[in-house]
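Let me begin by presenting the structure, written as structure tokens, before commenting on it.
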Amino acid sequence: VKPIDRQQLIQVVADVLEAQAFMFADEGDGDLPEGAGPCAEIRFDGPARGHLALALHGGLAVDLAANVLGLEPEACTADIAADALKEVANVACGQILTRIWGEEVVFQLGIPAVRQLDAAGWASLARAPGVAGVRVDGVAVLVQGVTED
Amino acid sequence: MTVRRTLAKVVGLCDLDVGDLLQAANGREALELLQGHWVDLVLSDLNMPEMNGVELIEQMAADPMLQSVPVVVISTEGSRERIDQLVESGIRGFVRKPFTPEQVREVIIETLGVADS
């Protein structure tokens, strides 16, 4: 696998979180923070094949859903939070593909899926290729973008 | 679900005289709804399970009862070639995600030809 450009990945996630959820991401001290929580993954195929994954620690996915949908966090069930995370991953994937490969090529995007990462799963993702860590209001976020041969 | 909820909220904020707002989880559900309801506008994503937006648009174009219903695509799609293909297939508008409420409002007003109040 080959990592997608880290800075572009971080910038896209920051831009999408800001535009869709009024959330502001920063790199913090550049470390890969510990955490556990839902992770959305979406595959793409075209001039390059690979995937993007987006993992949010703790209850950040609930806050994300609340912001995206204009709901109170208490009204956001786990399903609603997972769906909002899938949608944000979907948009981030579309944006990163255009920024890297331009508008003249065609990609097929898969249907996003969410899985729960425990602390070990989170740590495993943090060690994987093409992963960058950011924080949203101090809460850990991991984003992974890789292409495959 | 997220996109549908968001769009329902945006349409509600559009200050337009909208009657019923029907929602479908994918292209197949949308076609089923369209068989039983007359609608003025379809807002559709592309990346959907079971039947995607391109297939929905193709099916609508092949159905004499549905081919005149305007379709606006709201998608993360960024390929100029793909968007051109959609325009050639008859879509009336395209909004790229992430979108603002104003973008959706403008394309609805433009597509339906209703007055901007």
Per-residue contact mode, A:E104 against chain B (heavy atom under 4.5 angstrom): both
Distance-only donor-acceptor check, side chains A:H51 and A:Q144, under 3.5 Å: yes
Segment of A:V106 engaging chain B (4.5 angstrom heavy-atom cut-off): both
When A:I80, A:V16, A:V88, A:L71 are compared by non-hydrogen pairs under 4.5 Å with chain B, the top option: A:I80
Rounded distance [0.5 Å steps], NZ in A:K86 versus SG in A:C39: 12.5 Å
N/O donor-acceptor pair under 3.5 Å between A:Q95 side chain and A:V91 backbone: no
B:Q67 side-chain N/O to B:A61 backbone N/O, donor-acceptor pair under 3.5 Å: yes
Expected output: side-chain A:W122 to main-chain A:P33 donor-acceptor under 3.5 Å: yes
Segment of B:K97 engaging chain A (4.5 angstrom heavy-atom cut-off): both
Parallel, tilted or perpendicular, as decided by the 30° and 60° cut-offs, for the rings of A:F107 and A:F44: perpendicular
Check: A:N90/B:N47 side-chain N/O donor and acceptor closer than 3.5 Å: yes
Flag for A:Q11-A:D15: side-chain donor and acceptor within less than 3.5 Å: yes
Part of A:L85 lying under 4.5 Å from any heavy atom of chain B: neither
Neighbourhood of chain A inside residues 77-96 of chain B, taking heavy atoms under 4.5 Å as contact: B:E77, B:G78, B:S79, B:R80, B:E81, B:R82, B:R96
